[in-house]
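In each ligand, atom 1 is the first atom listed, and ligand 1 is the first ligand listed.
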Amino acid sequence: MADDNTRISETEIAVHWHEEEYYSPPESFIQQANFRDADALRKFELDNFPDYFAEYGHLLQWDRPWDQVFDGSNPPFWKWFVGGKLNASVNCIDRHLAKNRNKTAFYFIPERPEEPKQVVTYQDLFVRVNEFAALLRDLGVKQGDRVTIHLPMVVELPVAMLACARLGAIHSVVFGGFSGQACADRIVDSESDVLITMDGYYRGGKWLSHKDKADIAVDKAKEAGHIVKHVLVFERHPGTYTSNAPLVAGRDILVNDVIQQYRGRRVEPVSMRAEDPLFLMYTSGSTGKPKGVQHSTGGYLSYATATSKNILDIQPEDVYWCMADIGWITGHSYIVYGPLSLGASSVIYEGVPSYPDANRPFSIAEELGVNIFHTSPTAIRSLRMAQNIAPQNYQYHFKLMVTVGEPIEPDVWRWYYHVIGRDEAVIVDTWWQTETGGFLCSTVPALDKMKPGSAGPGIPGIHPVIYDDEGHEIAAGSGRGGNICIRNPWHGALQTIWKDPNRFVSTYYGKYCKNPESKDWHDWPYMAGDGAMLASDGYFRILGRIDDVINVAGHRLGTKEIESAVLKLDDVAEAAVIAAHDDMKGTVPELYVSLQPGVVPSDELSARIVAAIVTEIGPIARPRKVWIVPDLPKTRSGKIMRRILASISNNKEIGDVTTLANPEVVDTIHQMVRP
Ligand code: 6R9
């Protein structure tokens, strides 16, 4: 990606980092940890690939054992646990019933403190998943069908996911905050006949009507030629439908009304091949169209389970709380599949962590005895900036804390460690992606020292490497950044992009494949799309995306997706989105647009531009600022120079612009943005 639009300049990545301070896990943590045998690490050396992954496969209950751990005969379409059969809902629920039916699977904490919490045992979850699976089956959902789920953070979300898994149907969860249009795009691409939604939910102290988005989604899907047959509507308060959007006869079904007929119903779990897809999760890439990342049943589930055990150190008596949304991959792997597969008790919190005030996380931790706490740098920064937080007034003890989603500044890390973790919690900074199914880089909490701002080495079984643009390996400790890749395949990785295998191959394997004819996995390193540096201690520091993806508060947004939403307006000629630094969210989008000849800039137009983005994608993509400029800086070949715009927004050195087709416009824009 040595292209003009590269987001991280050579000078930026050549910066030397000086934080060589380390923190050690406390002895009390080491004594109790799942993975505390340093000798066991040796098993995971690359020479032992792929056999070491058998150990991860054995964490699951199989209907039929696998014949072969890894089949690499058709690169890069790797197959894992070939011949094995299993069902994910059985692994997450049924297998725990004999010993732990009365154990809490989920605590549901409504956002409004006055609303009582719900305790969902493994037995309760079993009953709810079976009943809902029976309903789905009666609607015609069968093995291999796709089901789109557009729900907020409520227990009904994992219930719906696991009901699909029980039937062998492929779920596609769309983040609840996404717009109806964004939901429609995912319904159409996945060809879902069924959409699962809810009337509304509480967030930030307000009731948000949600069912309206389902109506938009179904209408927009229809315009694109796809008919949704059934819309299943949960009610946030069962029996009280609360939404301005009326129910559509013949299409919408209130789950609470019909589920009565399914009381006590059981659904025989469908025994799936390890390689059958478990779910799709759409994520942003370099083009305007989100891609349907496809994850397998056996490979994905065993990877989520193993990493939850080894890195999150989840144990039977722990209470675990991950603040991510289940609508993102972190919630899939580390609220639903990993913790349930281990039989853990975990927390689903409906709302924003700062409601009714910034001490809510501590009060929840105290009430439930949470001892593993999983959140993002953005949430940590916002706690740090909040007035009146007083963790010292709450009784809780975290043995382990997680940070995920974006790079964490060493300063913020230290605050997390001292103030939230009280110098006693081990921190794991886990680097991974939607595509990777689970963690790739992190310290093993009992074995590795922590280093603020660095994710750590590859986790057991994962062998990362940094390549320069020509494919040469960049040595540890050289102080140079490059593209982080993984040398070896692993079973949590995506299988393909739904209906787009070519895009799968070119995106992740196109740049660094050593020989496209090769049948040897050594020739097919996986390219993550992140810039990173490798220190001489073997720790990776992640620098951020190298492609056209912006990371806002840990959420991935495609710049092209935002730009295409804006370009739908007739008044706009060109649009460029850049990542602007933000103290709280890491980065936020800023938008530069030029207008069609004769169109006059106005506040009204800026507002329409913002509205177009919110309608097409959702409020998370809202730009911090819209700059209407006379022209966008371009190369002589017509490429928009986003890097220059980013430098202006972020008040950085712009560098040489003389080779541009229109260098004078840089000055004009600079005057506007930084008068
Ligand atoms: C899990 C998740 C993936 C992108 C990834 C990288 C960034 C994630 C990080 C991190 C620095 C960490 N990222 N974890 N950067 N340190 N610990 O977030 O998946 O939404 O697909 O985003 O997030 O840039 O490429 P996803």
Side-chain angles (χ1 to χ4, degrees), residues 1 7-8 17 173 175 177-178 280-286 290-293 295 300 303-304 307-308 311-312 322-335 337-338 374-381 401-410 412-413 416 427-443 450-459 462 464 481 483-486 492-494 497 507-508 526-533 539-559 561 579 585-587 620-621:
M1 305 244 158
R7 292 197 176 275
I8 304 158
W17 299 85
V173 177
F175 169 58
F178 274 140
L280 304 178
M281 162 126 282
Y282 283 84
T283 191
S284 299
S286 309
K291 46 197 178 186
V293 168
H295 280 290
Y300 167 82
Y303 198 73
T307 48
S308 297
I311 306 299
L312 301 179
C322 170
M323 300 215 304
D325 195 291
I326 296 173
W328 306 110
I329 193 67
T330 300
H332 273 48
S333 298
Y334 299 117
I335 298 178
Y337 285 112
H374 191 153
T375 192
S376 65
T378 291
I380 301 166
R381 288 184 213 109
M401 305 193 301
V402 190
T403 165
V404 62
E406 349 145 35
I408 184 166
E409 299 80 357
V412 176
W413 190 102
Y416 192 32
I427 296 182
V428 286
D429 179 349
T430 58
W431 170 74
W432 62 295
Q433 314 175 290
T434 303
E435 293 88 337
T436 72
F439 307 143
L440 292 179
C441 283
S442 165
T443 49
M450 302 162 252
K451 183 162 100 175
S454 283
I459 65 166
I462 299 296
N483 287 342
I484 185 164
C485 296
I486 310 298
L494 78 165
I497 291 173
T507 306
Y508 307 105
Y526 168 89
M527 185 182 92
D530 278 324
M533 278 173 42
Y539 281 36
F540 291 87
R541 182 189 292 272
I542 308 300
L543 301 165
R545 301 291 309 181
I546 52 161
D547 55 11
D548 296 321
V549 172
I550 295 186
N551 189 329
V552 181
H555 306 320
R556 260 164 86 169
L557 294 171
T559 51
E561 280 167 65
K585 296 180 173 177
T587 50
I620 53 166

Say whether, by atom type as modelled, one donor and one acceptor occur between the side chain of Tyr334 and the main chain of Ile329 under 3.5 angstrom. no
Which protein heavy atom lies closest to atom 21 (O) of ligand 1, and at what distance to 0.1 Å? Thr434 OG1, 2.5 Å
Closest non-hydrogen atom pair, Lys291 against Ser284: CE-O, 4.0 Å
Which residue and non-hydrogen atom of the protein lie closest to atom 16 (N) of ligand 1, and at what distance in Å? Glu406 O, 3.3 Å
Using a strict cut-off of 4.0 Å, indicate which atoms of ligand 1 neighbour a heavy atom of Thr330. 1 (C)
Contact atoms of ligand 1, heavy-atom distance to Asn551 under 4.0 Å: 7 (C), 23 (O)
Counting heavy atoms under 4.0 Å, the part of Ile408 that contacts ligand 1 is neither
Polar contact flag for Arg545 and ligand 1 (N/O pairs, less than 3.5 Å): yes
Distance (rounded to the nearest 0.5 Å) between Ile427 CD1 and Trp413 CH2: 4.0 Å
Ion pair check, Arg381 and Glu409, cut-off under 4.0 Å: yes
Write out the residue and atom name of the closest protein heavy atom to atom 22 (O) of ligand 1, then the distance separating them to 0.1 Å. Arg556 CD, 3.1 Å
Counting heavy atoms only, which of Ser454, Ala324, Pro407 comes nearest to atom 11 (C) of ligand 1? Pro407
Any chance you could lay out the ring pair (Phe, Tyr, Trp, His ring centres under 6.0 Å) test for Trp431 and Tyr539, step after step, and finish with the verdict? CA-CA 12 Å; Trp431 170 74; Tyr539 281 36; over 10 Å; no
Hey, could you give me the OG1/CD distance between Thr283 and Gln433, rounded to the nearest 0.5 Å? 8.5 Å
How about Thr403 and Ser376: do any of their side-chain heavy atoms sit closer than 4.5 Å? no
Going by the rule side-chain hydrogen bond (donor to acceptor under 3.5 Å, both in side chains), which residues pair with Glu435 if we only count those two or more places apart in sequence or in a different chain? Tyr508, Arg556
Examine the proximity of ligand 1 to Ile329 and report which part, side chain or backbone, both or neither, has a heavy atom under 4.0 Å away. side chain
For Thr430 and Phe439, indicate whether the former's side chain and the latter's backbone hold a donor-acceptor pair under 3.5 Å. no
Answer with yes or no whether the side chains of Ser333 and Tyr303 bring together a donor and an acceptor at under 3.5 Å. no
What is the nearest protein non-hydrogen atom to atom 1 (C) of ligand 1, stated with its residue, atom name and distance? Trp432 CE2, 3.4 Å
Geometry only, no angles: is Glu435 polar-contacting ligand 1 at N/O separations under 3.5 Å? no
Do ligand 1 and Gln433 have nitrogen or oxygen atoms that lie under 3.5 Å from each other? yes
of all protein heavy atoms, closest to atom 6 (C) of ligand 1 is Asp530 OD2, 3.0 Å
Enumerated ligand 1 atoms positioned under 4.0 Å from heavy atoms of Ile542: 11 (C), 15 (N)
Atom 7 (C) of ligand 1 sits nearest the protein heavy atom Gly405 O, 3.3 Å
